[in-house]
Number of protein chains: 2
Amino acid sequence: MSDSLVRDKILDTASRLFFEQGYNLTGINQIIEEADIARGSLYNHFGSKSELLLAYLDKAQQERLAETEAYVKTVKDPQKKLLGIFDYRIQRQQQIGYRGCQFIKICAEVSRDDIKVFELVEAHKERLRNFILDLVRQTTHNPVLSDELFADTVFLLLEGSTTSVGFSRNVRGLRQARKIVEGLLVS
Amino acid sequence: MSDSLVRDKILDTASRLFFEQGYNLTGINQIIEEADIARGSLYNHFGSKSELLLAYLDKAQQERLAETEAYVKTVKDPQKKLLGIFDYRIQRQQQIGYRGCQFIKICAEVSRDDIKVFELVEAHKERLRNFILDLVRQTTHNPVLSDELFADTVFLLLEGSTTSVGFSRNVRGLRQARKIVEGLLVS
DNA sequence: ACAAATAGATAGACTTGTCTATATATATAA
DNA sequence: TTATATATATAGACAAGTCTATCTATTTGT
């Protein structure tokens with residue numbers, strides 16, 4: 001058997017279910033059934049459901065950032081790179097069925113003193129903000145906003161529009177956000 | 001006896017708990033205990049937990065919109081009115097302990113086919129967007145963005161920064177968003 | 001043989017919602 | 001004013017199911 005094919009099956013299934021139907025609405029029973037593994041195996045690889053949650057968040061976090069960077073790497077112009085972030089988000093939301101941001105969703109589901117979850121999400125968002133800031137520094141944009149402030153503009157528009165996908169169940173907000181950034185870039 | 005002092009006690013307690021610790025993490029038992037009412041009374045006034053949720057959302061929805069409008073009404077200048085929306089949000093988040101948007105949180109907690117919840121939230125956000133659009137039409141702002149697009153800018157910045165409160169547990173994002181709107185207004 | 005996976009029973013705490021029986025307060029009728 | 005009816009509150013038992021997590025005993029693969 002592979003080093004841990006079972007572990008991957010568990011994490012993949014849990015990840016899908018946590019995102020698609022929510023953490024609290026997903027039970028251990030459903031995970032082991034859909035992953036087709038034994039209950040004992042799950043608790044052998046992950047000490048508890050909340051450990052599984054942290055593993056999910058950390059993996060998703062790395063994947064989202066890597067995919068964003070990969071998507072953006074296909075274009076040269078820094079301005080187009082910035083817009084590419086929105087393009088990636090639009091494409092992804094269409095693929096996953098307009099579910100919004102997976103990290104925001106988890107923050108809304110866990111107890112306030114699940115500090116590890118909040119720190120993990122905060123760190124991820126900070127990495128994203130820095131990635132945007134790096135790109136912003138290579139662009140010329142509307143001079144009324146400093147680089148820092150323009151990076152926050154892009155970041156907050158991205159956050160707001162991705163969140164809006166969650167309740168509107170469409171990507172209108174993301175398209176508008178893209179247009180706005182485009183407008184602020186050319187001037 | 002008052003028209004329904006009991007009903008109010010139930011709804012107020014449930015509202016507080018749903019927001020502070022989440023819908024799924026709040027049980028009927030905790031609600032009746034903290035509201036200090038009988039189990040039967042709860043089910044007499046609300047047919048089920050999900051009916052209680054809808055009542056919570058609808059009341060909160062009206063309150064947030066009314067409070068926003070009241071806050072903004074204290075100033076005359078349309079530009080300052082727009083910024084006042086952010087001031088209100090900052091003040092409120094500080095009061096409630098940096099918990100982010102109560103509507104986004106609920107959307108993250110319920111099943112995807114709880115359509116009534118999503119429609120209620122969507123309608124609320126649409127009202128907010130229209131309120132912003134009305135104000136935007138009375139301002140002069142950066143000409144690279146149309147009124148519609150500038151209204152979306154304000155709306156999405158507001159959404160993004162309020163959401164960011166939820167994981168950062170501070171109002172930095174809201175303050176930045178306010179600065180950005182201020183910058184785009186004066187030019 | 002050894003490690004890891006399996007099925008499945010089980011514990012114990014929790015969930016929502018229903019039910020009964022009792023108490024209390026208000027409104028109506030004699 | 002007194003008696004009765006109605007509505008609403010109460011406490012609390014209870015059903016039927018969920019949840020996470022632990023444990024045992026067996027089978028499988030290397």
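Chain identifiers are assigned alphabetically (A, B, ...) following the order of the sequence lines, protein sequences preceding nucleic acid strands; residue numbering begins at 1 within each chain. As the structure is a computational prediction, the values presented were derived from the model and not from experiment.
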What string of B, S and - do you get for nucleotides 13-20 of chain C, 5' to 3', when a contact is any protein heavy atom under 4.0 Å? --SBBB--

What is the distance from [atom1] of [X] to [atom2] of [N], rounded to the nearest Å?
| X | N | atom1 | atom2 | value |
| --- | --- | --- | --- | --- |
| Ile10(A) | dA4(C) | CD1 | P | 14 Å |
| Asn44(B) | dA11(D) | CG | C1' | 15 Å |
| Leu42(A) | dT22(D) | CG | C1' | 13 Å |
| Leu5(B) | dT24(C) | CG | C1' | 15 Å |
| Ile32(A) | dA4(C) | CD1 | P | 20 Å |

Secondary-structure stems, DNA chain D, at least 3 Watson-Crick or G-U base pairs under 3.5 Å: C:1-30 with D:1-30

For Arg172(B), salt bridge (Lys or Arg N to Asp or Glu O under 4.0 Å) partners two or more places apart: Asp152(A)

Identify, with sequence neighbours excluded, every residue that meets salt bridge (Lys or Arg N to Asp or Glu O under 4.0 Å) alongside Glu122(B). Arg169(A)

Answer yes or no: does a side-chain N or O of His45(B) lie under 4.0 Å from OP1 or OP2 of dT8(D)? no

dA4(C) phosphate, OP1 or OP2: any side-chain N/O from Ser41(A) under 4.0 angstrom? no

Checking Tyr23(A) now: which residues fulfil ring-ring contact (aromatic ring centres under 6.0 Å, His included) with it, not counting sequence neighbours? Phe18(A)

Phe155(B) meets the ring-ring contact (aromatic ring centres under 6.0 Å, His included) criterion, sequence neighbours left out, with none

For Asp77(B), all residues meeting side-chain hydrogen bond (donor to acceptor under 3.5 Å, both in side chains), sequence neighbours excluded: none

Connected to Tyr71(B), directly or through other members, by ILVMFWY side-chain contacts below 4.5 Å are Tyr88(B)

Linking Ile, Leu, Val, Met, Phe, Trp and Tyr through side-chain heavy atoms less than 4.5 Å apart, which residues share a cluster with Leu133(B)? none

My understanding is that only one of Arg92(A), Arg178(A), Lys81(A) makes a salt bridge (charged side-chain N to carboxylate O under 4.0 Å, His left out) with Asp87(A); could you say which? Arg178(A)

NZ or CZ of Arg112(B) within 45° of Phe118(B) ring axis and under 6.0 Å: yes

Nearest-neighbour nucleotide for the Ile37(A) side chain, dT10(D), dT6(C), dA5(C) considered: dT6(C)

